[in-house]
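Please read these numbers as outputs of a predicted model, since none were measured by experiment.
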Amino acid sequence: VNSFATQQNKYLKFIERKALRSADLISVISNKLKSDILHLLDEKLENKIVVIPNGVDIKRFQITKTENIITRKGIHLAYIGILKFDYGLDDLLYSFQKIVNKNIFLHIVGDGPFFEKMKEIAQEIPNIIFHGSIPFIKVPLILKNFDILINTSSEKINFQSPTKIYEYMASGKPIVS
């Protein structure tokens with residue numbers, strides 16, 4: 001379980017509780033998610049839940065080559081991942097607006113339901129470059145391009161496993177979270 005609907009839609013509690021009660025074992029990606037299931041659905045599920053954090057295959061990131069997507073000099077910040085509402089991405093754009101100068105660039109690599117809105121917000125902010133989605137296999141090659149990697153978060157998504165942080169750490173790049 002990466003997430004469940006009752007976290008945002010309480011009226012689905014009955015259906016999800018019934019589904020999870022019927023399971024022999026429930027694998028969740030974080031302790032916070034386990035806590036949410038117990039609190040929001042059913043404390044009796046305690047003995048059925050196993051926490052198995054998402055992880056990263058470090059060997060994927062032990063590479064020396066890169067797929068160059070930067071043609072300018074300067075400091076290159078990047079967010080790589082899905083672009084969703086409530087992921088703190090609007091805060092990222094507004095924060096970047098406060099530090100803009102001609103030698104700092106923000107790269108947004110990914111796609112999702114917030115993509116068009118982000119592009120709309122970013123129209124007034126210089127030095128933001130949207131790359132769109134990339135294949136999973138290319139993530140290590142693309143991460144090598146950037147100087148600093150950005151992780152965004154919000155209260156709404158604090159139950160998730162920090163796979164992005166694991167990938168960023170595996171790349172060996174500095175992280176701002």
Query raised in the report: Residues in side chain to side chain contact (heavy atoms under 4.5 Å, CB included) with Leu38, at least two apart?
Result: Lys34, Leu45, Glu46, Ile49
Residues 20-29 side chain polar contacts: donor-acceptor under 3.5 Å, at least two apart:
{"from": "Arg21", "atom 1": "NE", "to": "Asp42", "atom 2": "OD2", "distance (Å)": "2.5"}
{"from": "Arg21", "atom 1": "NH2", "to": "Asp42", "atom 2": "OD2", "distance (Å)": "2.9"}
{"from": "Ser22", "atom 1": "OG", "to": "Ala19", "atom 2": "O", "distance (Å)": "2.7"}

Report summary line: Glu120 meets the side-chain hydrogen bond (donor to acceptor under 3.5 Å, both in side chains) criterion, sequence neighbours left out, with Lys117
Requested in this report: Not counting sequence neighbours, which residues clear side chain to side chain contact (heavy atoms under 4.5 Å, CB included) with Phe136? List them please.
Outcome: Arg60, Glu167
Report summary line: Sorted by chain and number, sequence neighbours left out, side-chain hydrogen bond (donor to acceptor under 3.5 Å, both in side chains) with Ser95 holds for none
Requested in this report: Kindly write out the residues that satisfy ring pair (Phe, Tyr, Trp, His ring centres under 6.0 Å) with Tyr94, not counting sequence neighbours, or none if the list is empty.
Outcome: none
Query raised in the report: Mind checking what makes ring pair (Phe, Tyr, Trp, His ring centres under 6.0 Å) contact with Phe85, not counting sequence neighbours?
Result: Phe114
Query raised in the report: Heavy-atom distance under 4.5 Å between the side chains of Leu106 and Leu93, does that happen here?
Result: yes
Report task. Measure from the ring center of His76 to the ring center of Phe105 and say whether it is less than 6.0 Å. Result -> yes
Requested in this report: Please go through Phe14's hydrophobic cluster and name the other residues, only I, L, V, M, F, W, Y counting, with side-chain heavy atoms under 4.5 Å joining them.
Outcome: Tyr11, Leu12, Ile15
Query raised in the report: Is there a side-chain contact between His131 and Ile80 (heavy atoms, below 4.5 Å)?
Result: no
Report task. Take Lys13 and Leu41 through the side-chain contact (heavy atoms from CB on, under 4.5 Å) test and state the conclusion after the steps. Result -> CA-CA 6 Å; Lys13 181 177 183 174; Leu41 295 179; 3.8 Å; yes
Query raised in the report: Sub-3.5 Å donor-acceptor pair from the side chain of Asn145 to the main-chain atoms of Ile142, do we have one?
Result: yes
Query - Set of residues satisfying salt bridge (charged side-chain N to carboxylate O under 4.0 Å, His left out) with respect to Asp86, sequence neighbours excluded - result: Lys156
Requested in this report: Tell me, please, which residues at least two apart from Tyr79 pass ring pair (Phe, Tyr, Trp, His ring centres under 6.0 Å).
Outcome: none
Query raised in the report: Under the side-chain hydrogen bond (donor to acceptor under 3.5 Å, both in side chains) test, which residues partner Ser171, sequence neighbours left out?
Result: none
Requested in this report: Identify, with sequence neighbours excluded, every residue that meets side chain to side chain contact (heavy atoms under 4.5 Å, CB included) alongside Lys144.
Outcome: Ile63, Thr66
Query - Side chain proximity check, Leu92 to Tyr87, heavy atoms < 4.5 angstrom - result: no
